[in-house]
Amino acid sequence: CSSGEPAFLLSFVHLSMQVNFVACQLFALLMAVWFRIYLHPDKTSPFIRHFVATLLGFYLALFCFGWYSLHFLVQSGLSYGVMIFASLEHMHKYCFIVTLGYLICCQITRVYVFDYGMYSADFTGPMMVITQKITSMAFEIHDGMTKREVQLTSSQKYLAISRMPSLLEYLSYNCNFMGILAGPTCSYKEYTAFIEGTSYQQLQLKNVDGKDVKLIKTEPSPKNAVISKLCTCAICLVIYLSLYKLLPVDYSINDSFVSSAPFYLQVTYLYLAMLALRPKYYFVWTLADAINNAAGFGFNGYNKDGSPRWDLISNLRILDIEFATSFKLFLDNWNIQTAHWLKRVCYERCPVNPTAATFLLSAMWHGVYPGYYLTFVTGIGMTMAARAVRHNIRPYFLASDLSKFIYDVLTWVCTQVAICYTVVPFVLLAVGPSLKFYRYVLIHHLILISRYSSVVLLCRIIVAQMIHMESLLIV
């Protein structure tokens with residue numbers, strides 16, 4: 001065999017898996033419409049809805065991943081056993097260790113037992129979502145069955161589970177067809193409300209002839225939301241397929257490019273490469289959201305104008321991501337449900353350095369490639385730096401609308417550069433290319449850091465001059 005044949009075969013297998021995934025998600029979309037119309041809560045029982053959602057989920061998993069999908073059952077089964085047999089006082093901790101530990105073992109096997117960097121069925125993707133759901137449920141059961149209300153935060157009170165779910169309810173929550181392939185994560189109470197049809201029962205009072213009358217709003221249709229999200233998917237897919245090969249991220253560490261291109265051009269290229277990569281995630285998460293909405297899941301009340309909101313389990317806000325003016329704003333709008341999970345199971349509960357613990361958990365959950373850990377370790381520093389900059393510099397730009405606008409532009413540029421710098425190892429995966437990238441850009445960042453104090457002083461002078469000029473114009 002020639003050396004080019006394995007590479008061609010690898011590329012073909014990757015492409016076939018991507019096509020397989022999209023085909024299964026489109027099938028899930030059709031099944032979601034059928035599920036909402038013919039298995040509506042008014043027409044059938046929660047048992048039937050749980051059973052059908054689980055059965056279809058297992059079918060999609062088996063079709064996509066073959067016998068690898070047995071890992072979904074093993075992970076879910078082990079964790080359910082812990083929930084049933086362990087004491088409620090410590091069940092959530094044991095469940096967390098077992099669930100996350102099994103995920104990490106599968107990730108190690110997939111990456112290192114199979115050839116590193118070569119194709120093996122990425123069955124750990126759905127397991128990552130299942131891990132979120134199981135651990136969330138374990139903590140919510142612990143909150144609802146062992147703690148008093150005064151010990152819980154408002155969100156913990158809302159999500160607390162007061163009884164142990166049945167095996168069918170548990171499997172339906174973890175492996176339903178709407179979220180088995182790409183999520184998103186949701187809380188158990190939100191999912192059961194959808195299954196039982198109670199999420200639409202929004203009561204309101206209306207005064208009629210001096211009497212308060214209870215009215216039930218009609219069930220909103222997800223049609224417009226689904227169509228809008230499918231259009232977004234189509235646009236993102238076209239952008240990604242058009243640009244990702246033209247702007248590969250690994251070209252940013254190409255020796256000839258780095259040696260010949262000025263630094264500002266390298267930064268510009270890196271930003272464009274990341275911009276071309278993100279639509280892939282936009283496509284996957286928006287399609288997953290549309291599938292859930294088509295089934296009737298995701299209703300989140302009404303806007304002020306009376307239009308229904310279908311963003312209960314949305315995983316991203318594209319415009320807020322692309323125009324984020326801080327590291328925190330970017331992260332708050334990217335992979336939203338994972339951020340909620342990290343906050344609920346780690347950040348709110350970790351007694352020591354919750355920020356570092358949250359980034360570490362995120363790295364462990366994502367996988368065992370070294371690039372993940374480099375990204376999240378860098379992310380800790382970036383988060384701390386962003387807080388410091390906001391605390392020390394932002395007050396000098398609040399004097400006028402013009403200075404606020406300048407601050408927003410500057411922080412947008414800095415945020416996009418910081419995100420690119422942080423995420424490159426996540427994309428490159430391996431240690432060698434990641435360290436090569438850091439080596440190329442380190443000298444430039446050392447120069448920028450050394451000038452930090454000068455920038456702060458310059459900002460103070462600029463703002464003072466702008467205030468003085470505005471006062472003269474007013475006079």
Side-chain angles (χ1 to χ4, degrees), residues 96-97 100-101 103-105 107-108 110-112 116-117 124-125 128 131-132 135 249-250 252-253 258 266-267 270-271 273-274 277-278 281 321 324 326-336 338-391 411 414-450 452:
F96 181 86
I97 293 171
L100 186 63
L103 171 66
I104 293 173
C105 287
Q107 289 171 334
I108 292 173
R110 188 181 70 83
V111 173
Y112 294 108
Y116 185 91
T124 58
M128 293 167 68
T131 296
Q132 290 183 346
T135 52
V249 175
D250 54 4
S252 63
I253 59 172
V258 172
Q266 296 177 38
V267 172
L270 187 59
Y271 168 71
M274 289 298 179
L277 183 64
R278 286 197 288 269
Y281 299 95
I321 289 170
S326 72
F327 204 79
K328 182 181 183 300
L329 279 177
F330 188 101
L331 296 180
D332 285 346
N333 293 288
W334 173 270
N335 206 352
I336 296 170
T338 294
H340 289 337
W341 171 71
L342 290 169
K343 179 183 178 182
R344 291 165 183 168
V345 305
C346 184
Y347 189 84
E348 291 182 342
R349 302 175 191 267
C350 184
V352 180
N353 203 340
T355 299
T358 301
F359 274 104
L360 177 61
L361 173 59
S362 184
M364 295 172 65
W365 173 77
H366 274 92
V368 293
Y369 282 110
Y372 295 158
Y373 292 85
L374 290 173
T375 286
F376 289 108
V377 168
T378 306
I380 296 173
M382 287 293 183
T383 301
M384 298 300 184
R387 290 176 183 173
V389 168
R390 181 177 177 83
H391 176 74
T411 51
C414 293
T415 297
Q416 297 303 321
V417 173
I419 289 294
C420 293
Y421 177 82
T422 304
V423 173
V424 165
F426 191 95
V427 178
L428 298 178
L429 298 178
V431 174
S434 300
L435 294 181
K436 185 178 180 181
F437 169 77
Y438 282 150
R439 186 170 68 250
Y440 281 144
V441 301
L442 181 60
I443 183 63
H444 300 282
H445 285 270
L446 288 176
I447 293 172
L448 292 176
I449 292 171
S450 68
Y452 172 76

Q: Can you sort out the partners of Tyr281 under ring pair (Phe, Tyr, Trp, His ring centres under 6.0 Å), two or more places apart, ordered by chain and number?
A: Trp285, Trp334
Which residues pass the side-chain hydrogen bond (donor to acceptor under 3.5 Å, both in side chains) test with [X], sequence neighbours left out?
X: Asn335; result: Asn315, Thr338
X: Thr131; result: Gln75
X: Ser434; result: none

Can you name the closest pair of heavy atoms from [X] and [Y] and give their distance?
X: Glu348; Y: Arg344; answer: OE1-CA, 4.0 Å
X: Thr124; Y: Arg110; answer: OG1-NE, 3.4 Å
X: Ala418; Y: Thr422; answer: O-OG1, 2.7 Å
X: Gln416; Y: Ile321; answer: NE2-O, 3.7 Å

Please, which pairs that meet salt bridge (charged side-chain N to carboxylate O under 4.0 Å, His left out) have at least one residue in [range], sequence neighbours excluded?
range: residues 350-376; answer: none
range: residues 359-383; answer: none
range: residues 349-361; answer: Asp143-Arg349

For residues 355-363, which side-chain N or O atoms pair as donor and acceptor with protein atoms under 3.5 Å away, sequence neighbours left out?
{"residue": "Thr358", "atom": "OG1", "partner": "Pro354", "partner atom": "O", "Å": "2.6"}
{"residue": "Ser362", "atom": "OG", "partner": "His366", "partner atom": "ND1", "Å": "3.4"}

Between [atom1] on residue [X] and [atom2] on residue [Y], distance to nearest 0.5 Å:
X: Tyr347; Y: Asn353; atom1: OH; atom2: CG; result: 9.5 Å
X: Ser326; Y: Met382; atom1: OG; atom2: CE; result: 13.5 Å
X: Leu100; Y: Gln132; atom1: CG; atom2: CD; result: 11.0 Å
X: Ile97; Y: Thr135; atom1: CD1; atom2: OG1; result: 12.0 Å
X: Leu103; Y: Ile108; atom1: CG; atom2: CD1; result: 10.0 Å
X: Phe437; Y: Leu374; atom1: CZ; atom2: CG; result: 11.5 Å

The criterion is side chain to side chain contact (heavy atoms under 4.5 Å, CB included); which residues satisfy it with [X], sequence neighbours excluded?
X: Asp250; result: Pro248, Leu428
X: Val423; result: Met274, Ile419, Phe426, Val427
X: Cys414; result: none
X: Val258; result: Gln266, Tyr440

Quick one: are [X] and [Y] in side-chain contact, heavy atoms under 4.5 Å?
X: Gln107; Y: Ile104; answer: yes
X: Leu329; Y: Thr415; answer: no
X: Tyr372; Y: Leu429; answer: yes

Q) More than 12 heavy atoms of other residues, nucleotides or ligands under 6.0 Å from NZ of Lys436: is that the case? A) yes
